[in-house]
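Residue indices begin at 1 and follow the sequence shown.
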Amino acid sequence: MPVSVWMTYLNRNKLIRKEQTESGGGRGMFMKGLTTHILDLAKGRPAANVRIDVFEADGASIRYIRSCTTNRDGRPDDPLIEGSALHEGTYELHVHIGDYFKNSGNGPNSFFLDVIPVRFSIADGYEGCHVPLLVSPFGYQIYRGS
């Protein structure tokens, strides 16, 4: 039977609980949840006030979960999905980056991207997932973070 140790610490002015599981599974430290952050590569800073819509995908259909907006650090204030709501499955983020670039002072025609859809699968919701996004007015890069 695995032994769990809960740790509480302060992260960005919020108390966060992490569990360390001592089992042969090698899960180690984790915080279960789906998180993201957005960095503006053209300006070299986080992308604030970007709307993100979160969906769960099932084949050709998607089910809306929630919307949020990034803070001045380019992160939503809370995980996109947390706890037992995050499970094995396919998810999709719709990142409304066009509005961000329209409002960034570069003029209404200084961008190429509007909404960036990011579809990904989670094999083990127990571990959580971090999905960072690097953006510029004319391109983006997404990856599985840690």
Side-chain angles (χ1 to χ4, degrees), residues 1-104 111-146:
M1 183 158 123
V3 175
S4 295
V5 177
W6 284 94
M7 299 175 63
T8 303
Y9 66 97
L10 189 62
N11 182 13
R12 296 188 200 287
N13 300 322
K14 284 180 70 174
L15 286 176
I16 305 292
R17 292 185 69 187
K18 283 192 173 185
E19 182 183 18
Q20 182 174 14
T21 303
E22 296 176 12
S23 66
R27 293 179 197 253
M29 294 298 293
F30 75 95
M31 184 173 76
K32 183 176 177 176
L34 173 61
T35 59
T36 189
H37 73 271
I38 304 172
L39 300 174
D40 181 338
L41 291 175
K43 294 190 175 185
R45 64 178 185 221
N49 299 312
V50 177
R51 189 176 104 211
I52 302 169
D53 300 327
V54 183
F55 299 88
E56 185 170 2
D58 183 16
S61 66
I62 58 175
R63 180 182 60 84
Y64 174 81
I65 296 174
R66 69 178 286 236
S67 294
C68 61
T69 303
T70 58
N71 59 27
R72 66 185 183 133
D73 193 34
R75 301 170 189 271
D77 288 329
D78 297 307
L80 301 172
I81 304 172
E82 58 185 326
S84 62
L86 182 66
H87 53 83
E88 181 179 322
T90 302
Y91 295 89
E92 191 165 302
L93 306 179
H94 292 186
V95 181
H96 295 263
I97 205 67
D99 291 337
Y100 166 79
F101 284 117
K102 283 181 203 174
N103 298 322
S104 67
F111 71 96
F112 174 68
L113 300 168
D114 186 18
V115 177
I116 300 172
V118 180
R119 184 174 280 209
F120 56 95
S121 295
I122 295 178
D124 186 354
Y126 186 77
E127 291 183 357
C129 185
H130 183 62
V131 183
L133 179 63
L134 308 174
V135 297
S136 77
F138 302 99
Y140 66 93
Q141 181 177 15
I142 191 104
Y143 59 97
R144 167 88 190 242
S146 59

| message | If you apply the rule side-chain contact (heavy atoms from CB on, under 4.5 Å), what do you find for Tyr91 with Ile65, and how did you get there? | response | CA-CA 10 Å; Tyr91 295 89; Ile65 296 174; 4.3 Å; yes
| Should Thr35 and Leu80 be marked as a side-chain contact (heavy atoms from CB on, under 4.5 Å) after you check the CA-CA gap, both sets of side-chain angles, and the distance that decides it? | CA-CA 6 Å; Thr35 59; Leu80 301 172; over 6 Å; no
| said: Apply side-chain contact (heavy atoms from CB on, under 4.5 Å) to residues Val50 and Val135 and explain how you reach the verdict. | reply: CA-CA 11 Å; Val50 177; Val135 297; over 6 Å; no
| field | Working for side-chain contact (heavy atoms from CB on, under 4.5 Å), residues Asp40 and Phe101 | value | CA-CA 10 Å; Asp40 181 338; Phe101 284 117; 3.8 Å; yes
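Side chains of Asp53 and Ser67: a donor-acceptor N/O pair is present below 3.5 angstrom, by distance only.
Judged by distance alone, the side chain of Thr36 and the main-chain N or O of Val131 form a donor-acceptor pair under 3.5 Å. In this structure, Thr70 contributes its side chain and Ala47 its backbone to a donor-acceptor pair below 3.5 Å. Lys43 contributes a side-chain N or O that, together with a main-chain N or O of Ser104, makes up a donor-acceptor pair within less than 3.5 Å.
His37 is not listed as a side-chain neighbour of Pro46, based on a closest heavy-atom distance of 4.5 Å or more. Using a 4.5 Å heavy-atom threshold, the side chains of Tyr143 and Leu134 count as touching.
Rounded to the nearest 0.5 angstrom, Leu34 CG and Leu86 CG are separated by 6.0 Å.
In summary, Arg75 and Asp77 do not engage in a salt bridge, as defined by a charged side-chain N under 4.0 Å from a carboxylate O.
Between Phe55 and Tyr64, the ring-plane angle classifies as perpendicular under the 30° and 60° cut-offs.
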Check residues 112-123 and write down every donor-acceptor pair under 3.5 Å in which the side-chain atom is one partner and the other belongs to a residue at least two apart or another chain.
unit_1: Arg119; atom_1: NE; unit_2: Glu92; atom_2: OE1; d: 2.6
unit_1: Arg119; atom_1: NH1; unit_2: Gly59; atom_2: O; d: 3.1
unit_1: Arg119; atom_1: NH2; unit_2: Glu92; atom_2: OE1; d: 2.9
unit_1: Ser121; atom_1: OG; unit_2: Thr90; atom_2: OG1; d: 3.2

